[in-house]
Amino acid sequence: KQKTAYEIGVRLVGSEMCIRDRSIAMYKTAETVSPGHPDKIADLISDYVLTEALSNNSKSRVAVETFLTGTTYGGLVVVGGEISDIAKIDDKGIEKIVKDALAKTIKTSFEDFQLDSLKIQNELTPQSEEIRSAVEDDEDLGAGDQGIMVGYATNETESFMPPTFDISRNIQMALWEIQNNDEKLDLDSKVQVTTGGGETKVVISTQHKKDIDIDELRINLEDMITKYVDGKFQFHLNPSGSFVKGGPAGDTGLTGRKIVVDAYGPTVPVGGGAFSGKDPSKVDRSAAYAARHLAKNIVAHNLADKCQIRVAYAIGKAEPYELSVDTFGSQKEKDSVLSDFVSRFGMKPGVIIERLDLLNVNYREDTLFSHFGHENRNWEKIEDI
């Protein structure tokens, strides 16, 4: 009686919601994409701009988005948004940034997206004076925008990431290595993993050259998948058939369109704000990193088996308007112990930036394979508390 509709499984029949099967297995699905996916190329270009701006002046304020697509004249990349004058990035700088990012994410030029004849449009403008004046540059730095950020961690995996998403990401990272080293493959790809019901289902769509032996590729990828999936699994490769035209030649790319892939997969809520192209005064990024840092430390210090942090801000205000902790009934210590632990992690934007050293991060790497679950990032550090 107390099971939710999700737990027992439902289907819609006309206007009635009917129980389908009270013993239905619990399935979970997660998706990841490669750095050669057009949306992730857009994220990467935006973070190349950010990294260059902070390198030129660490006080730069950046909120940059990129759009790219194939055209009849050979391809278009538009970089727009707000950026401080002190960042000192001109048209020539944008052109170099775009071409450097594309060189890492595209192997093949197509008629409608040619790397040597792109139209690159710089539409960056100075930061809004209203925002600049509301966000002072000190320990009491006000949040660069309002918003809600979510952090999560679980002890179910070594990476402290949700299990199904972790499998998908591990397969995607291994596939990326294969894509870069196999001349018959290009760099756009997606991996989807479904777990539950005693069997794992894996779907891979990967861009390839016309003359590839698809059966040989299938065998090689099945061998790769066995490293990350326990037991039997179903595997579907390129369900649409061939996948020759990909990247921005096959689809448009836009910064911030993969926020679930950038975070924890669909089993964890997202706050709504994208990460890429934003300097750390923007709490969409810095507070999301801090929320993950706190959640991971709560789990790593055995205060709970899993943890979700929510934090919310108002623009120009340093103190969070919300800081909540949900341990999903897995808390192992008294509330007072957990509260004391949480209080050691200051959540003012200026404090976060200093604690996680967010002005000295190579943001060109952070857009790849989720922003979380990688040991070499400051917000993944398990503190000695």
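- Put simply, I178 and M173 are part of two different groups of oily side chains (I, L, V, M, F, W, Y) that touch within less than 4.5 Å, one to the next.
- Ring geometry, F372 versus Y264: the interplanar angle falls under 30°, so the pair is classed parallel (tilted spans 30 to 60°).
- At least one donor-acceptor pair closer than 3.5 Å links the side chain of Q331 to the backbone N or O of E333.
- Tracing side-chain contacts under 4.5 Å through hydrophobic residues (I, L, V, M, F, W, Y), one never reaches V299 starting from F345; they form parts of separate clusters.
- With respect to the salt-bridge test (charged N to carboxylate O, under 4.0 angstrom), the residues D279 and R285 do not qualify.
- A distance-only check finds no donor-acceptor pair linking the side chain of T200 to the backbone of G196 [under 3.5 Å].
- Using cut-offs of 30° and 60° for the angle between ring planes, the F235 and F233 rings count as perpendicular.
- Once rounded to the nearest 0.5 Å, the distance linking CG of L368 with NZ of K40 reads 7.0 Å.
- At a threshold of 4.5 Å between non-hydrogen side-chain atoms, the residues T206 and L237 count as touching.
- Within the 4.5 Å cutoff, the side chain of L54 has heavy atoms near those of the Y363 side chain.
- Atom NZ of residue K245 and atom CG of residue D251 lie 10.5 Å apart, to the nearest 0.5 angstrom.
- Considering all non-hydrogen atoms of both residues, S286 and P280 come closest at OG-O, 2.8 Å.
- Side-chain contact annotation: S276 with D47, donor-acceptor N/O pair under 3.5 Å present.
- W379 has its side chain out of reach of I352: every pair of non-hydrogen atoms, C-beta onward, lies at least 4.5 Å apart.
- For the pair R310 and M149, the minimum side-chain heavy-atom distance is 4.5 Å or more.
- Residue Q146 qualifies as open at atom CD: its count of foreign heavy atoms under 6.0 Å is 12 or below.
- With S84 contributing its side chain and A87 its backbone, the two residues share no donor-acceptor pair below 3.5 Å.
- To the nearest 0.5 angstrom, L50 atom CG is 12.0 Å from D43 atom CG.
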Original post:
Are I106 and L115 close enough, and set up right, to give a side chain to side chain contact (heavy atoms under 4.5 Å, CB included), and what steps lead you there?
Top reply: CA-CA 9 Å; I106 295 177; L115 299 181; 4.1 Å; yes
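- Ring pair H371/Y289 is tilted by interplanar angle, where 30° to 60° counts as tilted.
- Side-chain N or O atoms of K209 include one that pairs as donor or acceptor with a backbone N or O of E183 at under 3.5 Å.
- Applying side chain to side chain contact (heavy atoms under 4.5 Å, CB included) to I41 and the options T255, T66, L102 leaves one that passes, L102.
- Side chain to side chain, T69 and T252 fail the donor-acceptor criterion of an N or O pair below 3.5 Å.
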**OP:** Go through the steps to decide whether I83 and V49 satisfy the test side chain to side chain contact (heavy atoms under 4.5 Å, CB included), and finish with yes or no.
**Re:** CA-CA 10 Å; I83 192 166; V49 175; 4.1 Å; yes
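- Residues R218 and E222 are not paired through a salt bridge, judged by the lack of any N-O separation under 4.0 Å between the basic side chain and the carboxylate.
- Here the CG atom belonging to L185 is positioned 9.5 Å from the CG atom belonging to N220, to the nearest 0.5 angstrom.
- Residue E111 qualifies as open at atom CD: its count of foreign heavy atoms under 6.0 Å is 12 or below.
- In this structure, D112 contributes its side chain and G70 its backbone to no donor-acceptor pair below 3.5 Å.
- The shortest side-chain heavy-atom distance between V79 and E123 does not fall under the 4.5 Å cut-off.
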Original post:
What do the steps show when you test V244 against Q207 for side chain to side chain contact (heavy atoms under 4.5 Å, CB included), and what is the final call?
Top reply: CA-CA 5 Å; V244 174; Q207 189 183 4; over 6 Å; no
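- The shortest side-chain heavy-atom distance between I298 and L294 falls under the 4.5 Å cut-off.
- Each salt bridge (Lys or Arg N to Asp or Glu O under 4.0 Å) pair with one or both residues in residues 288-304, not counting sequence neighbours, appears once here: R292-E380, K296-E380.
- Neither side chain, S370 nor D262, offers a donor N or O lying under 3.5 Å from an acceptor on the other.
- Distance alone, capped at 3.5 Å, places no donor-acceptor pair between the T154 side chain and the C307 backbone.
- Contact annotation: the side chain of T29 approaches that of Q192 to within less than 4.5 Å [non-hydrogen atoms, C-beta and beyond].
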**OP:** Starting from the C-alpha separation in whole Å, work towards a yes-or-no answer on salt bridge (charged side-chain N to carboxylate O under 4.0 Å, His left out) for E82 and R61.
**Re:** CA-CA 8 Å; E82 295 185 335; R61 294 289 182 257; over 6 Å; no
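- Taken together through direct or relayed side-chain contacts under 4.5 Å among Ile, Leu, Val, Met, Phe, Trp and Tyr, V311 and L303 form part of one hydrophobic cluster.
- With 3.5 Å as the limit, one finds a donor-acceptor pair spanning the side chains of Q179 and S189.
- Minimum interatomic distance between A174 and Y228 (heavy atoms only, all atoms of both residues): CB-OH, 3.5 Å.
- Hydrophobic clustering of Ile, Leu, Val, Met, Phe, Trp and Tyr side chains at less than 4.5 Å, counting indirect connections, keeps V229 apart from F369.
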**OP:** Would you sort out whether T164 and T195 count as a side chain to side chain donor-acceptor pair (under 3.5 Å), showing the intermediate values?
**Re:** CA-CA 6 Å; T164 305; T195 58; 2.7 Å; yes
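- Shown here for F113 and G75, the closest heavy-atom pair between the two residues is CD1-CA, 3.8 Å.
- The CZ atom of F160 sits 11.5 Å away from atom CG of D166, with the distance rounded to the nearest 0.5 Å.
- For D211, the CG atom is densely surrounded, since the number of other residues' heavy atoms within 6.0 Å is greater than 12.
- One side chain, N360 or D357, offers a donor N or O that lies under 3.5 Å from an acceptor on the other.
- Within the 4.5 Å cutoff, the side chain of V202 has heavy atoms near those of the I204 side chain.
- S168 places a side-chain N or O within 3.5 Å of a backbone atom of V191 that can act as its donor or acceptor partner.
- K332 and N302 share a donor-acceptor pair across their side chains, judged by distance under 3.5 Å alone.
- To the nearest 0.5 Å, the span separating CG on L124 from CD on E65 amounts to 11.0 Å.
- For R257, the salt bridge (charged side-chain N to carboxylate O under 4.0 Å, His left out) test picks out D39, with sequence neighbours left out.
- When only modelled atom types and interatomic distance are considered, E383 and H293 share a side-chain donor-acceptor pair under 3.5 Å.
- Using a cut-off of 4.0 Å between Lys/Arg side-chain N and Asp/Glu carboxylate O, K96 and D100 are scored as salt-bridged.
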**OP:** Step by step, work out the side chain to side chain contact (heavy atoms under 4.5 Å, CB included) result for L44 and Y48.
**Re:** CA-CA 6 Å; L44 192 64; Y48 265 53; 3.7 Å; yes
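- When all heavy atoms of D182 and K107 are compared, the closest pair comes out as O-NZ, 2.9 Å.
- Contact between A291 and V150 at its shortest, heavy atoms only, is CB-C, 3.9 Å.
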